[in-house]
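This structure is a prediction, so every number in the text was calculated from the model and none was measured. FYI, side chains are in, hydrogens and waters are out, and symmetry mates aren't considered; it's all heavy atoms of this structure.
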Amino acid sequence: MNRVVPAEWAQHKALWLGFPSHADLWLDNLAAARDEVAALARALAGPGGERVRLIAYGEEAVADATRRLPQVEVVPGRFGDIWFRDTGPIFVREGATPRAVGFTVNGWGGKYELPYDEEVADQIANASQTDLDRFDVVLEGGALEHDGAGTVITTRQCVLNPNRNRNWTETQAEDVLKRALGMRKTIWLDDGLLNDHTDGHVDNLARFLRPGVVACPEAFGADDPNAEIYDLAAEILAQSSDADGRPLEVVRVPSPGRMQDEDGELIPASHMNFLIANRAVVVPLYENADAGEAALRVLRAAFPNRDVIGLASSAILTGGGSFHCISQQEPA
C-alpha cells in the first residue's frame, strides 16, 4: 500500500513543540528563547487552532512551561535540544493508517551530538500512539519539503553530504525516500544558506504553499549574502514539475537581508522557516523590520484563508533554527 506524507497545510491532530530546557546550551539566551517559544505556542493554540503538545525536559523546565502556558499540554520528555523537525518522527499515512517514520540522528553531521536526541522519535510516536518504522540512514526532517502528493524538495549539500551517509548517490537517496515516505518525485536544489550548520536544510530555502506552488526567498538589500543561492534555487524550481507533472509556480518572499552575530559571522536567518497551522501561518521575524513586513505582505497574499502572524525569533535563532525547526505536525 502506498505511503504519503500529508502536506503541512492538511488538518493536524496535534502540533509538537520543543521547549528550551538546557541552560548549558542556551546560556544568556535561555529566557528570551523561552519567551519566543511561549509566544509561538500561544499563537498556535489560539488563532492557529492547534492542540499544542509541548515537550520540556527536567522539573524546572516542565514547571516553567506549565506556568507560562496553561492553554497547552506540557509533556515531560528527554531530548538533547528542541529541534524536533529533525530528531522527531515524520508522520505518514499508509492508506487510512497513520504511521511514523524515524531516521538515524548523528548531530547534523557530527557537529552537535547530544544525549537523548536519538530517543525523540520514539517518545513522540509513543505519546501519539503511532507505530514507528525505523530506517537506518541519517536524514533530518528539515532537509525535506513535501507537497502532500508525493513530491519532495531537498538539497544536495545536506542529503548527499558524506557527513551523513558516506558515498550516497541521488539514486540511493531517492530509493529511501520512496520506501520510507512514499516519494514519487524528488526535486534537487544545490546549496542552502551560508553558515547553516545543518548543511543546507531546505526549510530555510524552499517551501510549498499549496499544490504546484512553492515559495523561495528573494534577496533583501544589495548586501544580502545569499542572493545567488536564492536566485539559483528559484531558477531550478521554475524549471521543475511535481510528481503529477504540474509545472511549479514560484513565489518570491523577501529574505531578512544580511544578518550577522556579535562576532561579525553570517547568521542563516530565513522567513521560509514559517509554520503552517490549522488556521494560521506563523512567520519568524528578525532584526530588519522592513524585511519582515515585506515578507508578511507576500505570505498574506499567498495564504488568504489563514491568519498570517509574524513573531520574533531572534533568540531561537541563536540556537540554530526557528519555528519550523522546533516543531512537528501530527496529521489528523
For the side chain of [X] and the backbone of [Y], is there at least one donor-acceptor N/O pair under 3.5 Å apart?
X: T104; Y: D136; value: no
X: R78; Y: E119; value: no
X: D224; Y: F220; value: yes
X: S322; Y: S313; value: no
X: R34; Y: F19; value: no
X: E36; Y: A33; value: no
X: N195; Y: L266; value: yes
X: D147; Y: G150; value: yes
X: D242; Y: D244; value: yes
X: N226; Y: L193; value: no

Please determine if [X] and [Y] form a salt bridge, counting it only when a charged side-chain N lies under 4.0 Å from a carboxylate O.
X: R3; Y: D133; answer: yes
X: R51; Y: E330; answer: no
X: R279; Y: D307; answer: no
X: R207; Y: D203; answer: no

Parallel, tilted or perpendicular, as decided by the 30° and 60° cut-offs, for the rings of Y116 and Y57: perpendicular

Take a 6.0 Å sphere around [atom1] of [X] and say whether it holds more than 12 heavy atoms from other residues, nucleotides or ligands.
X: R67; atom1: CZ; result: yes
X: N167; atom1: CG; result: no
X: E73; atom1: CD; result: yes

Y112 and H197: CA distance, side-chain angles, deciding distance, ring pair (Phe, Tyr, Trp, His ring centres under 6.0 Å) verdict: CA-CA 9 Å; Y112 304 98; H197 75 266; 5.0 Å; yes

Under 4.5 Å side-chain linkage, directly or through intermediates, the cluster mates of M259: I267, Y286, L317

Hey, are the side chains of [X] and [Y] touching, using non-hydrogen atoms and a 4.5 Å cut-off?
X: W188; Y: V159; value: yes
X: I55; Y: L17; value: no
X: I187; Y: T154; value: no

L181 and V92: CA distance, side-chain angles, deciding distance, side chain to side chain contact (heavy atoms under 4.5 Å, CB included) verdict: CA-CA 7 Å; L181 304 173; V92 302; 3.8 Å; yes

Non-neighbouring partners of Y230 that pass ring-ring contact (aromatic ring centres under 6.0 Å, His included), sequence neighbours left out: none

From CA spacing to verdict: side chain to side chain contact (heavy atoms under 4.5 Å, CB included), I124, F91: CA-CA 10 Å; I124 292 178; F91 287 94; 3.9 Å; yes

Heavy-atom pair of closest approach, residues L237 and I153: CD2-CD1, 3.8 Å

Partner set under side-chain contact (heavy atoms from CB on, under 4.5 Å) for A121, not counting sequence neighbours: P89, L132, R134

